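Notes follow the structure.
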Amino acid sequence: VTRAVEIAGTGIHPFGRFEDKTVTDLGVAAVRDALRDSGDPQFQAAFCGTAYAGVAAGHKVLGALGLTGVPIVDVEAGCASGGAALMLAAGAIRAGLYDCVLVFGIEKMPRGIIRSSFFEPWREEAGLAATPAYFALRAQRLMRESGVTKEQLAQVVVKNRAHGVENPNAMFRGEVTAEQVLGSRVVCEPLHLWMLCSPNEGAAAVVLRAAPSNGAGSRVTLEAAALRSHLPGSVLSEGTPLSGLVDEEDIDPPTTLAARDAYEEAGVGPDDVDVVECQDTDAARELLSYEELGLCPKGDAGKWVAEGVTRIGGRLPVNPSGGLLSKGEPLGASALAQVVELVAQLSGAVGSRQVKGARVALGHTVGRGANASVVILRR
Amino acid sequence: MPQRSVHDGLFTDEHLIGGRCGACTRYHFPAAAICPYCGSGDVARVALSDTGTLWGWTAVTAPPPGYRGNVPFGFGVVELPEGLRVISRVEEADPSRLSFGTRVRFATAPLHTDDDGTTVVTYTFVPARTQ
């Protein structure tokens, strides 16, 4: 029998721009917050998600808090880095390797269009390292194949920005209208500026520990943390070209693969999920996630947001934190900030953003590589 | 005027250079030593069709990292008869003038001129007729 894993505590440093803080400072704040929340336990290992923080980034954070000699592993999996760190930590506890593990994610993103070592120099020189253009091609495909409209893309932004108003950890905390979203400048047709999240800075931390017996008595248990990469032939599902591969319609994208693994591991299905935090790098990415996670049938995602299904108060609230569109996206921290939000949701601790009666929560990230992570939590 | 390709082995003046796997028979671009589908090393370098259809398109309005040419420029996915889709520049920067399935033809186009006067050239696709 594998051991159940519970969330002992969570911590976060707000997402935004902090000129006077280093990425280590951000991590220290989130880790201290999580350790305090979990009763300052002795953790036996630490995993740090980050893509841009450099060599031994996690070691620098823990070094600032007092070295203990535990193994510290930095984990990079693009936008899913935090999810990857969580998977490794949970697996180690389930296997009996450790009883308590610290997982954290840190990032200070460069400004502007993200420069990524993923692209070969010639692709950069040829103008092909245009990340928003890949998002735009993916959005266009979703519009063509699932009947999503630009108005519905704007409604995703309206919803998430409305949710973010009450989130003190979000970067943007003002409501917007669909007219304003569609009035912002076109970055890459069909995506307007306000439909794209802002790369920024932040940190989040989660302490995992072995649950007494199958999670009984736990506040929140980690039911599954799955990570998958893509199969050959599904390039545009995560918008990053590898080597000109055909993007085939009959190949499951990494989000679907990870979701399937996570549902199976948790013993739940999409219908059991009460609240979702999903990757909304751009507005279309959120709608695509509804379909790829199996939350709604292909072709219904646009209708879902239009009908308010995914608003707080709707049948299945998505991104009650305000999502990346409100928070901004520090790659290494974003997946763990989802867990911070979902644990608070399951604990009834988020005030006006509360999704009432939530018992099963799902977090999803997907990014370059392509990697996708799906996390399932239960109260 | 001296010219150089943005990268060796991507294209000739007439067509893209792809790879065809002798084991699984699938095509890929750019040509690789190992088939990205099945892992076989039995890959031949082949000329890809110089015409295809537009499968996705947008315009890049701000210079992406490392790019020294003009904006806006067209950007999209071209479907070739060999059954592969290629990420490419598209010689039409107004997305409203393009549509799904538009016929496109291979071409080369200058990106920018290096400090020593060398023109850097890349592959691109030209819509058969812009509306």
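Values below: all heavy atoms of this structure, side chains included; hydrogens, waters and symmetry mates excluded. Throughout, protein chains are lettered first and strands after them, A, B, ... in sequence-line order, and every chain is numbered starting at 1. Model, not experiment: these values are computed from the prediction.
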Apply the test side-chain contact (heavy atoms from CB on, under 4.5 Å) to residues B:Asp8 and A:Trp122: give CA-CA distance (whole Å), side-chain angles for both, the deciding distance (0.1 Å), then the verdict. CA-CA 9 Å; B:Asp8 288 340; A:Trp122 72 263; over 6 Å; no
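At a 4.5 Å heavy-atom cutoff, the contact between A:Ala136 and chain B is made by side-chain atoms alone. For B:Leu80, no part lies under 4.5 angstrom from a heavy atom of chain A. Proximity to chain A (any heavy atom under 4.5 Å) is shown, for B:Val121, by neither the backbone nor the side chain. Both the backbone and the side chain of B:Thr61 come within less than 4.5 Å of a heavy atom of chain A. For B:Thr124, no part sits under 4.5 Å from any heavy atom of chain A, backbone or side chain.
Here the closest heavy-atom approach between residue A:Ala133 and residue B:Val60 is recorded as CB-CG2, 3.9 Å. When all heavy atoms of A:Ala129 and B:Pro64 are compared, the closest pair comes out as O-CB, 3.7 Å. Closest heavy-atom contact between B:Val6 and A:Ala126: CG2-N, 4.1 Å. Minimum heavy-atom separation, B:Val77 to A:Leu137: CG2-CD1, 3.8 Å.
Residues of residues 66-74 of chain B that come closer than 4.5 Å to chain A, counting heavy atoms only, are B:Gly66, B:Tyr67, B:Phe73, ordered by residue number.
Here A:Arg123 contributes atom CZ and B:Leu10 contributes atom CG; the two are 8.0 Å apart, rounded to the nearest 0.5 Å.
Geometrically, A:Arg144 engages B:Trp55 in a cation-pi contact defined by less than 6.0 Å to the ring centre and at most 45° from the axis.
Ion pairing of A:Glu125 with B:Arg89 is absent here, as no side-chain N (NZ or NE/NH1/NH2) approaches a carboxylate O to less than 4.0 Å.
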For residues 182-197 of chain A, dump all side-chain donor-acceptor pairs below 3.5 Å to protein atoms at least two apart in sequence or in another chain.
from	atom 1	to	atom 2	distance (Å)
A:Ser184	OG	A:Val181	O	2.7
A:Ser184	OG	A:Trp194	N	3.3
A:Glu189	OE2	A:Lys150	NZ	3.1
A:His192	ND1	A:Leu182	O	3.2
A:His192	ND1	A:Ser184	O	2.7
A:His192	NE2	A:Lys150	NZ	2.9

